[in-house]
2 protein chains.
Amino acid sequence: MQKKEEKNSIIEICPVRNVIARFGNKWAFLIILILNENKIVRFSELCRMIPDISSRVLSGTLRTLEADNLISRKVYPVVPPKVEYQLTEIGLSLVPLINMLTEWAQTNMKKIIAHREQFETNSNAE
Amino acid sequence: MQKKEEKNSIIEICPVRNVIARFGNKWAFLIILILNENKIVRFSELCRMIPDISSRVLSGTLRTLEADNLISRKVYPVVPPKVEYQLTEIGLSLVPLINMLTEWAQTNMKKIIAHREQFETNSNAE
DNA sequence: CGGCATCCAGCCGGATACTG
DNA sequence: CAGTATCCGGCTGGATGCCG
């Protein structure tokens with residue numbers, strides 16, 4: 001199961017990245033933001049709010065976030081099934097950071113993308 | 001070159017993630033932090049400071065960061081070659097955010113990992 | 001020294017189909 | 001409704017070797 005036990009340089013062990021890497025995936029930030037705005041959201045609502053995500057990936061992402069206790073999952077034993085997701089306290093405490101990242105990105109976006117395009121043009125031209 | 005032109009849902013276009021995704025990779029954060037502490041670092045120094053990274057991946061990551069104007073690359077036309085990397089202003093402006101993320105991770109790390117392990121145990125047991 | 005070329009394994013995310 | 005099962009393509013990251 002865990003085979004990276006050997007590669008224990010200071011950096012590979014570094015638990016910070018271990019933690020951060022979990023929501024560095026494609027959808028985690030967005031899901032956290034949506035849960036923050038809507039407080040309690042059902043699975044199918046998330047599906048509709050993020051049209052590009054497949055239910056397989058959505059459920060996987062939710063599972064990871066739940067495992068890390070960033071979101072909580074509540075199942076109602078009814079038919080048809082009903083499952084609600086919401087942020088935990090830890091998840092909530094992450095929201096301001098995500099917002100700051102988002103603001104930073106919005107602020108610097110234009111310059112970054114412009115520079116990126118120019119950089120690639122130069123690379124190709126050279 | 002760019003074939004995702006069609007998939008232009010609100011989210012897929014979302015430029016914020018487009019920007020953030022670039023340093024959501026395995027080494028970017030760490031490199032930015034190292035450059036912040038050492039101001040000016042040569043390629044081989046980075047190699048030594050991050051023993052787990054291959055030179056191929058390191059140079060790729062540096063290139064991406066340079067393309068986005070987060071770091072600058074200065075080549076000295078000497079033999080043997082000498083290349084120095086340092087943060088740009090934009091890169092520098094990102095440092096506080098990374099530090100906050102790091103602090104957040106350090107604060108919540110233990111709880112998160114504990115919860116994760118318990119979660120996985122439950123999943124296997126059930 | 002600072003890369004790039006090549007090759008390759010593993011994982012991530014997407015499409016589709018099916019189920020309690 | 002809320003997933004799981006299966007399959008699969010592509011990208012990321014790692015190992016190695018070469019080159020100006």
Side-chain angles (χ1 to χ4, degrees), chain A residues 1-4 6-7 9 11-12 17-18 21-31 40-67 71-86 123-124 126, chain B residues 1-4 6-7 9 11-12 14 17-18 20-31 40-67 71-86 123-124 126:
Chain A
M1 273 287 148
Q2 59 226 92
K3 60 199 164 189
K4 296 206 172 171
E6 351 277 275
K7 306 211 56 169
S9 95
I11 288 128
E12 199 58 48
R17 193 176 57 196
N18 183 298
R22 301 278 278 210
F23 43 81
N25 67 55
K26 194 167 177 184
W27 301 105
F29 270 22
L30 184 59
I31 289 172
I40 298 179
V41 186
R42 298 182 59 175
F43 187 89
S44 54
E45 292 176 316
L46 282 170
C47 261
R48 254 175 287 114
M49 297 170 95
I50 317 178
D52 291 346
I53 202 172
S54 71
S55 85
R56 180 191 162 280
V57 172
L58 176 57
S59 98
T61 307
L62 289 170
R63 211 156 251 289
T64 306
L65 293 174
E66 188 198 358
I71 68 176
S72 70
R73 175 173 180 272
K74 183 167 185 183
V75 184
Y76 294 85
V78 298
V79 179
K82 174 177 171 180
V83 181
E84 288 177 346
Y85 294 91
Q86 65 181 310
S123 300
N124 294 343
E126 159 256 320
Chain B
M1 273 285 148
Q2 58 227 90
K3 60 202 164 189
K4 297 204 171 171
E6 351 279 273
K7 307 210 56 169
S9 95
I11 287 128
E12 198 58 50
C14 168
R17 194 176 57 196
N18 181 299
I20 292 179
R22 300 278 278 211
F23 43 82
N25 67 56
K26 193 169 179 183
W27 301 105
F29 271 21
L30 184 58
I31 289 173
I40 297 180
V41 185
R42 298 183 57 178
F43 187 89
S44 56
E45 294 176 316
L46 282 169
C47 260
R48 254 175 288 114
M49 297 170 95
I50 317 177
D52 292 345
I53 201 171
S54 71
S55 87
R56 179 192 162 280
V57 173
L58 176 57
S59 98
T61 308
L62 289 170
R63 210 154 254 287
T64 305
L65 293 174
E66 188 199 356
I71 68 176
S72 70
R73 177 175 180 268
K74 183 168 184 183
V75 184
Y76 293 86
V78 297
V79 179
K82 176 177 173 183
V83 180
E84 288 178 348
Y85 294 91
Q86 64 179 310
S123 301
N124 295 343
E126 160 252 320

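In what follows, every chain begins at residue 1, and chains take the letters A, B, ... in the order their sequences are listed.
- Between Trp27(A) and Leu58(A), the closest side-chain pair of non-hydrogen atoms is not below 4.5 Å.
- In the set dG20(D), dC1(D), dG14(D), the nucleotide with an atom closest to the side chain of Pro81(A) is dC1(D).
- Taking both residues in full, the closest heavy atoms of Pro81(A) and Arg42(A) are given as O-NH2, 3.5 Å, listed atom of the first, atom of the second, then distance.
- Relative to the axis of its first five pairs, the axis of the last five pairs of the helix from dC1(C)-dG20(D) to dG20(C)-dC1(D) sits at 50°, rounded to 10 degrees.
- We find the CD-CD1 distance between Glu45(A) and Ile40(A) to be 10.0 Å, quoted to the nearest 0.5 Å.
- Rounded to an integer number of Å, the gap from CZ of Phe23(A) to P of dC12(C) is 16 Å.
- Distance, Phe43(B) CZ to dG20(D) P: 18 Å, rounded to whole Å.
- Heavy-atom nearest nucleotides on DNA chain D were determined for Ser55(A) and for Pro80(A), and the one closer to the 5' end corresponds to Pro80(A).
- In this structure, Glu66(B) atom CD and dG3(C) atom P are separated by 9 Å, rounded to whole Å.
- Rounded to whole Å, atom C1' of dG13(D) lies 10 Å from atom CG of Asn25(B).
- Across all strands, Arg56(A) comes closer than 4.0 Å to base atoms (heavy-atom distances).
- Side-chain atoms of Arg17(A) come within 3.5 Å of backbone atoms of Lys26(B) as a donor-acceptor pair (strictly under, hydrogens ignored).
- Look at CZ on Arg73(B): it is 10 Å from P on dG2(C), rounded to the nearest Å.
- Sorted by first then second residue, the side chain to side chain donor-acceptor pair (under 3.5 Å) pairs that include residues 72-81 of chain A, not counting sequence neighbours, are Arg73(A)-Tyr85(A), Tyr76(A)-Glu84(A).
- Between Arg63(A) and dG3(D) there is no side-chain polar atom (N or O) within less than 4.0 angstrom of OP1 or OP2.
- Val57(B) comes within 4.0 angstrom of a base, heavy atoms only.
- To the nearest 0.5 Å, atoms CG (Asn25(A)) and OG1 (Thr61(A)) are separated by 5.0 Å.
- Remark: Ser54(A) is not in phosphate contact with dG13(C), judged by side-chain N or O atoms under 4.0 Å from OP1 or OP2.
- Looking at heavy atoms from C-beta onward, Ile53(A) lies out of side-chain contact with Leu30(A) at the 4.5 angstrom threshold.
- Residue Tyr76(B) is classed as having no contact, given no heavy-atom separation below 4.0 Å to the nucleic acid.
- Summarising the geometry, the separation between CZ on Phe29(B) and P on dG13(D) is reported as 13 Å, rounded to the nearest angstrom.
- Backbone-only engagement by Ser44(A) is indicated by non-hydrogen atom pairs under 4.0 Å involving sugar-phosphate atoms exclusively.
- Summarising the geometry, the separation between CE on Met49(A) and P on dA2(D) is reported as 14 Å, rounded to the nearest angstrom.
- Among dG14(C), dG20(D), dC1(D), the nucleotide with an atom closest to any side-chain atom of Lys26(A) is dG14(C).
- One can place CD1 of Ile31(A) at 14 Å from C1' of dA2(D), the figure rounded to the nearest angstrom.
- Residue Tyr85(A) places no side-chain N or O under 4.0 Å from the OP1 or OP2 atom of dC1(D).
- Among all heavy-atom pairs drawn from Ser55(B) and Phe43(B), the shortest one is O-CZ, 3.8 Å.
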